[in-house]
Amino acid sequence: MTGPVILVVGARPNFMKIAPIHAELERRGIPQILLHTGQHYDENMSKVFFDDLGMPLPDIYLGIGSGSHAAQTAKVMVEFEKVCKEHKPSMVVVVGDVNSTVACSMVCAKEWIPCAHVEAGLRSFDREMPEEINRLIADAIADYLLTPSPDGDENLRKEGVAEERIKRVGNVMIDSLFNNLERAKESTIHSDLNIEKGNYGVLTLHRPSNVDEKEAFSRILDALEQIGNQIPLVFPLHPRTKNRAEQFGLTNRLESIPNIVLTGPAGYLDFVALMAESKLVLTDSGGLQEETTALGIPCLTLRDNTERPITVTEGTNTIVGNDTEAILKAAFNILENGGKAGRIPELWDGKTAIRIADLIDEIIR
Ligand code: UD1
């Protein structure tokens, strides 16, 4: 096959996974196209990441934007199919579990284009999460399933996936983290937000299960009001969370949390700087569970499950759900006793993009 390799990004958590792969393919002179579906489009949800990660702007931008799951997925499929017909890629690389991931993997399956899914095999076993559906479908149809950890391999085996499709490569997001830690130290975010290094918590929320239901959102706010009395909390607001708070009439309560520092979505380097110097992270994100484990920062996951169990068994992560008392107990425990020490899982070594590029090289030859 002779066409380029297409690397797909769509939403914020994709950018830090593709950046190191793009750089490694560039270094090897492998022809590639960086394609952005436009699922995330705000400057601070998208462009800032290209700048911070040193990744060139996309070669192709589909401009899909927001919409219902069906509309968003379908629009990506229609546009991505046209791109595939025109550019005849030798293979496509998709990452993570967002709607763009599943849409492009489905196009590949029907166009007979070899497709590699990076971050394959992760399972929360919670089909109420849209991402779980995306993971199941992408892994059922992608040709090469590149996993970050042994639990991923095991999940795929249990689903009957043939051994030759499973390739454990490690965690590529940790490549970006390690590549950029030094640069993140130059961030001025602490002085910009007037917070003291080492003496604050970081909070992120955007899952439908936490922010699309007023009761759940309120339970979390109850906990934050008490944690804020003990330690300042920095809360970069995802657009979805900001919209929901307004819709539920919770904005005033949010702004009145003691010692809360509300900001818009943070750029990559600023956010790494915020995490790295924090006392604890409270989140419902998937990626942050992994980044805090790699940084050795205690993490409380405000969900009932995780598709990244290795961050609990080996790392610094604790699953607490969104019950007020459970969050408070776990947070105060960290503030008093320092939280789990943890260790960095095998193959989260900053060299995953090299292993992925080796595989891509082998596949397209
Ligand atoms: C998506 C991913 C989720 C990922 C998250 C990270 C899916 C199913 N979900 O969720 O897995 O963890 O990204 O952020 O793919 N919006 C803007 N500007 C933007 C993007 C979104 O204002 O640039 C607003 C819109 O009102 C939109 C809402 O945020 O309707 C939700 O965006 P969407 O892409 O549908 O899902 P996320 O919640 O961001």
Side-chain angles (χ1 to χ4, degrees), residues 8-18 36-52 58 61-77 80 94-106 117-120 122-124 126-139 173 176 202-213 216-217 235-248 251 263-268 271 281-292 299 301-303 305-308 311:
V8 175
V9 291
R12 184 168 65 177
N14 295 157
F15 306 129
M16 51 296 264
K17 295 169 194 167
I18 284 291
H36 189 342
T37 64
Q39 177 174 344
H40 283 174
Y41 44 86
D42 282 357
E43 169 109 12
N44 56 13
M45 295 292 285
S46 176
K47 168 119 185 358
V48 64
F49 289 86
F50 288 81
D51 299 341
D52 279 3
Y61 185 73
L62 301 182
I64 298 304
S66 302
S68 71
H69 286 274
Q72 197 173 53
T73 308
K75 279 189 202 160
V76 173
M77 286 185 74
F80 188 63
V94 298
V95 296
D97 55 18
V98 303
N99 287 343
S100 302
T101 311
V102 73
C104 294
S105 69
M106 282 196 282
H117 179 210
V118 174
E119 204 183 270
L122 301 189
R123 297 288 181 270
S124 65
D126 173 2
R127 292 196 181 190
E128 285 181 17
M129 279 180 84
E131 293 81 3
E132 183 75 354
I133 308 301
N134 293 345
R135 290 189 277 262
L136 283 162
I137 299 173
D139 287 344
M173 198 176 54
S176 273
V202 177
L203 167 72
T204 80
L205 288 178
H206 74 287
R207 292 265 160 237
S209 55
N210 283 333
V211 303
D212 285 7
E213 287 166 46
F217 204 161
F235 188 6
L237 278 180
H238 186 285
R240 173 184 211 113
T241 310
K242 187 165 184 277
N243 294 343
R244 291 293 187 249
E246 280 161 17
Q247 192 183 325
F248 296 147
T251 306
T263 71
Y268 184 71
F271 197 78
V281 170
L282 300 117
T283 190
D284 58 12
S285 147
L288 264 58
Q289 298 172 46
E290 298 181 337
E291 288 167 333
T292 47
C299 176
T301 294
L302 309 191
R303 289 171 41 189
N305 50 52
T306 179
E307 61 288 337
R308 293 158 161 93
T311 60

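All figures in this text were calculated on a predicted structure; none of them were measured in a lab. Counting starts at 1 for both ligands and their atoms, following the listed order.
- Evaluated by nearest non-hydrogen atom to atom 3 (C) of ligand 1, the leading choice among Arg12, Met129, Glu131, Lys242 is Glu131.
- At under 3.5 Å, a nitrogen or oxygen of His238, whether backbone or side chain, sits near a nitrogen or oxygen of ligand 1.
- Between Arg303 and Glu307 a salt bridge is recorded (basic side-chain N to carboxylate O distance below 4.0 Å).
- Against a heavy-atom cut-off of under 4.0 Å, Pro13 is close to the following atoms of ligand 1: 4 (C), 6 (C).
- The nearest protein atom to atom 17 (C) of ligand 1, hydrogens excluded, is given as Tyr41 OH, 3.3 Å; this is a heavy-atom distance.
- Scanning all protein heavy atoms for the shortest distance to atom 25 (C) of ligand 1 gives Ser66 OG, 3.4 Å.
- Aromatic ring centres of Tyr268 and Phe15 lie farther apart than the 6.0 Å criterion allows.
- Among protein heavy atoms, atom 24 (C) of ligand 1 sits closest to Pro239 CB, 3.8 Å.
- Given atom 8 (C) of ligand 1, the protein heavy atom at minimum distance is Asn99 OD1, 3.3 Å.
- Side-chain atoms of Arg135 and Ser124, non-hydrogen and from C-beta on, do get closer than 4.5 Å to each other.
- Within ligand 1, counting atoms from 1 as listed, the ones closer than 4.0 Å to a heavy atom of His206 are 4 (C), 5 (C), 6 (C), 12 (O).
- A side-chain N or O of Asn305 and one of Asp126 form a donor-acceptor pair less than 3.5 Å apart.
- The backbone N or O of Leu205 lies less than 3.5 Å from a partner atom in the side chain of Thr241, making a donor-acceptor pair.
- Salt bridge status for Arg207 with Asp212: absent, with no side-chain N to carboxylate O gap under 4.0 Å.
- Contacts between Ser100 and ligand 1, counted as non-hydrogen atom pairs separated by less than 4.0 Å, are absent for every part of the residue.
- Considering only heavy atoms from C-beta on, Leu136 comes within 4.5 Å of Arg127 through its side chain.
- Taking each of Ile64, Val102, Val98 in turn, the one with a heavy atom nearest to atom 2 (C) of ligand 1 proves to be Val98.
- Nearest residue to atom 39 (O) of ligand 1 from Gln39, Arg240, His40 is His40 (criterion: closest heavy atom).
- Against a heavy-atom cut-off of under 4.0 Å, Asn243 is close to the following atoms of ligand 1: 26 (O).
- When all heavy atoms are compared, the tightest approach of Phe49 to Met16 is CE2-CE, 4.0 Å.
- Neither side chain, Glu290 nor Thr311, offers a donor N or O lying under 3.5 Å from an acceptor on the other.
- If you look at Met45 next to ligand 1, the close heavy atoms, those under 4.0 Å, all belong to the side chain.
- The closest donor-acceptor contact from the side chain of Asp42 to the backbone of Asn44 lies at 3.5 Å or more, if one exists at all.
- The protein atom (non-hydrogen) at minimum distance from atom 18 (N) of ligand 1 is Asp42 OD2, 3.0 Å.
- The shortest N/O to N/O separation between His69 and ligand 1 does not fall below 3.5 Å.
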